[in-house]
Asker: 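First, the structure itself, so that you have it in front of you.
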Amino acid sequence: MNTTAVPATGEPAVRKNSPGAARGPRRPGRTRRTALPYLLLLPALLLEILIHLLPIVIGVAMSFKELTQFYLRDWGAAPWRGLDNFRFAVDFDTPAGESLLKSFTTTCLFTVLSVGLCWLLGTAAAVFMQETFKGRGFLRALFLVPYALPVYAAVITWSFMFQRDNGLINHVLHDQLGLTDNPSFWLIGDNSFWALLIVSVWKGWPFAFLIIMAGLQNIPKELYEAGALDGAGMWQQIRKITLPSLRSVNQVLVLVLFLWTFNDFNTPFVLFGKSAPEAADLISIHIYQSSFATWNFGAGAAMSVLLLLFLLLVTGVYLFFTSRGRKATDA
């Protein structure tokens, strides 16, 4: 029972277990402990500003200027163009705008195919690896090799394999299996799109496999046992148990794969060099060529800003609909 002592002055004393009495003055050690997490985050925040935010701000400023090779020594002296660089980029009646639109269409098709195949292969391999069998650990490690290899080493190896006269691909398809009449050109022409897609899927599907395999560990085995007792086969279990349980994992995975694939610059640059074939002209390599081949860095920066706005828009719409669907499912 709490009692309040009345002092001689007639004023009621503060209760001993009241919140006001428990607080007291803030001690210096508590202040240091409160500030410690922010101090630990400060180096990462500074690096984030220097590596990502500052170049974005500089790129946006460059997009409003006529920054060509004549102003490389003094960027501040470049004339102000306002929105003219953006109008130049989206004017689809001009060769520059038409080529940008075609590159954007190619990138969208490439991204849809690459992300879809990466997710399909990763899901199939992860579900297959859930079963216990001899050599499962070795296969798991083998499947992760493409993801662990350095990008440049892996893509250069593929470029040698795609060579017309002495590449492994033509040796197997033409010399060994006889599926083609003549050795194919894989790094030029229309086949360059499929060569780029093969390398992208080979390089990206182990990441999907790793994420989905981790998500499968959180699905209780009792659900599969109950489904088997109810007579559900393997495909019904995948459709009714596995995929619904992996909904949140797949939502994040697809978004990450989309952003990585749409922005991929290293793969086409290493595979084809500075000038990619028209069939494999992704928007990242197209912006690079528009900036460094013509030395029009203002127009290239405007294209980069447009690409950033497009990705932000797609990401926002995707997150809106996925979160809306998640709330409807939970309700």
Side-chain angles (χ1 to χ4, degrees), residues 105 107-149 194 196-264 267 282 308-331:
T105 306
T107 307
C108 290
L109 177 62
F110 168 78
T111 303
V112 170
L113 292 176
S114 179
V115 172
L117 289 174
C118 287
W119 178 85
L120 183 62
L121 292 175
T123 303
V127 172
F128 174 72
M129 285 296 171
Q130 290 303 108
E131 300 294 334
T132 303
F133 58 90
K134 188 176 181 179
R136 183 177 66 167
F138 173 75
L139 281 180
R140 282 182 176 179
L142 185 64
F143 286 167
L144 294 176
V145 167
Y147 183 68
L149 284 176
W194 303 109
L196 180 61
L197 180 63
I198 291 172
V199 177
S200 177
V201 173
W202 177 86
K203 184 170 58 70
W205 81 267
F207 176 75
F209 163 71
L210 183 64
I211 298 301
I212 295 176
M213 187 173 61
L216 288 174
Q217 306 301 319
N218 296 323
I219 303 178
K221 293 183 179 180
E222 291 78 7
L223 295 178
Y224 293 101
E225 294 174 357
L229 291 176
D230 292 337
M234 182 184 67
W235 294 111
Q236 289 179 328
Q237 291 181 9
I238 293 175
R239 189 164 56 92
K240 298 293 185 179
I241 299 176
T242 304
L243 293 180
S245 301
L246 292 175
R247 185 188 302 272
S248 58
V249 175
N250 283 327
Q251 288 173 354
V252 177
L253 174 63
V254 170
L255 179 61
V256 172
L257 287 176
F258 167 77
L259 295 175
W260 283 358
T261 306
F262 208 96
N263 282 319
D264 191 11
T267 303
L282 300 186
L308 174 63
L309 294 177
F310 169 76
L311 293 178
L312 289 176
L313 176 63
V314 172
T315 302
V317 173
Y318 178 83
L319 293 177
F320 172 77
F321 282 104
T322 53
S323 61
R324 186 177 179 182
R326 191 184 306 115
K327 292 178 180 178
T329 304
D330 296 338

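When reading the values below, keep in mind they use all heavy atoms of this one structure, side chains included, and skip hydrogens, waters and symmetry mates.
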Asker: Given side chains that start at C-beta, do those of Leu210 and Phe143 come closer than 4.5 Å, heavy atoms only?
Answerer: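 Side chain of Leu210 against side chain of Phe143, heavy atoms only: no contact under 4.5 Å found.
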Asker: Calculate, to the nearest 0.5 Å, the distance between atoms OG1 and CH2 belonging to Thr123 and Trp205 respectively.
Answerer: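 Rounded to the nearest 0.5 Å, the OG1-CH2 separation comes out at 10.5 Å.
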Asker: Would you say the side-chain atoms of Thr261 pair up with the backbone N or O of Phe258, donor to acceptor, closer than 3.5 Å?
Answerer: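 Not confirmed, Thr261 side chain does not pair with Phe258 backbone.
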Asker: Take a 6.0 Å sphere around CD of Gln217 and say whether it holds more than 12 heavy atoms from other residues, nucleotides or ligands.
Answerer: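 Enclosed: over 12 neighbouring heavy atoms sit under 6.0 Å from CD of Gln217.
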Asker: Start with the C-alpha distance between Tyr224 and Thr242, add both sets of side-chain angles, then the distance that settles side chain to side chain contact (heavy atoms under 4.5 Å, CB included), and finish with yes or no.
Answerer: CA-CA 9 Å; Tyr224 293 101; Thr242 304; 2.7 Å; yes
Asker: Rounded to the nearest 0.5 Å, how far does CD of Gln236 lie from CE of Met234?
Answerer: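 Spacing of CE (Met234) from CD (Gln236) equals 11.0 Å.
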Asker: I need the Leu246 CG to Leu253 CG distance, nearest 0.5 Å.
Answerer: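 The distance works out to 9.5 Å.
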Asker: When you look at Asn263 and Leu311, which way does the side chain to side chain contact (heavy atoms under 4.5 Å, CB included) test go after all the steps?
Answerer: CA-CA 9 Å; Asn263 282 319; Leu311 293 178; 3.2 Å; yes
Asker: If we only count heavy atoms from C-beta on, is the Thr105 to Leu109 side-chain gap below 4.5 Å?
Answerer: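 No. Closest side-chain heavy atoms not under 4.5 Å.
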Asker: Would you mind reporting whether Leu282 and Thr267 have side-chain heavy atoms less than 4.5 Å apart?
Answerer: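 The answer is no; the side chains never approach within 4.5 Å.
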Asker: Return the CG to CH2 distance between Leu113 and Trp194, rounded to the nearest 0.5 Å.
Answerer: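 Nearest 0.5 Å value for the CG-CH2 distance: 6.0 Å.
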Asker: Hey, what do you get for CG (Leu149) to NZ (Lys203), rounding to the nearest 0.5 Å?
Answerer: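 Going from CG on Leu149 over to NZ on Lys203, the span is 11.5 Å.
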Asker: What heavy-atom pair brings Pro206 and Leu144 nearest, and what distance separates the two atoms?
Answerer: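 The answer is O-CD2, 3.8 Å.
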Asker: Any side-chain heavy atom of Ile219 within less than 4.5 Å of one from Leu216?
Answerer: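 With C-beta onward as the side chain, the pair touches.
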Asker: Walk me through whether Phe262 and Val115 qualify under side chain to side chain contact (heavy atoms under 4.5 Å, CB included).
Answerer: CA-CA 10 Å; Phe262 208 96; Val115 172; over 6 Å; no
Asker: Determine whether a donor-acceptor pair (N or O, by modelled atom type, separation under 3.5 Å) exists between the side chain of Ser114 and the backbone of Phe110.
Answerer: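 No.
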Asker: Ring centroid separation for Phe133 and Phe128, is it under 6.0 angstrom?
Answerer: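 Yes; Phe128 has its ring centre under 6.0 Å from that of Phe133.
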Asker: Compute the ring centroids of Tyr147 and Phe209, then answer whether they are less than 6.0 Å apart.
Answerer: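 No: the rings miss the under 6.0 Å criterion.
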Asker: Would Ile212 and Asn250 count as a side chain to side chain contact (heavy atoms under 4.5 Å, CB included) if you check the C-alpha gap in whole Å, the side-chain angles of each, and the deciding distance to 0.1 Å?
Answerer: CA-CA 8 Å; Ile212 295 176; Asn250 283 327; 4.0 Å; yes
Asker: Which atoms form the tightest heavy-atom contact between Met213 and Gln130, and what is the distance?
Answerer: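 Heavy atoms only, the tightest pair is CG-OE1, 4.2 Å.
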Asker: Please find the pair of heavy atoms, one from Leu259 and one from Thr315, that lie closest to each other, and give the distance.
Answerer: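 What the structure gives for the nearest pair is CD2-OG1, 3.8 Å.
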Asker: Grab the two heavy atoms, one from Gly227 and one from Gln237, that are nearest each other, plus how far apart they are.
Answerer: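 Here Gly227 and Gln237 meet closest at C-NE2, 4.2 Å.
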Asker: Measuring from Phe310:CZ to Cys108:SG, what's the distance to the nearest 0.5 Å?
Answerer: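 Going from the CZ atom of Phe310 to the SG atom of Cys108 covers 5.0 Å.
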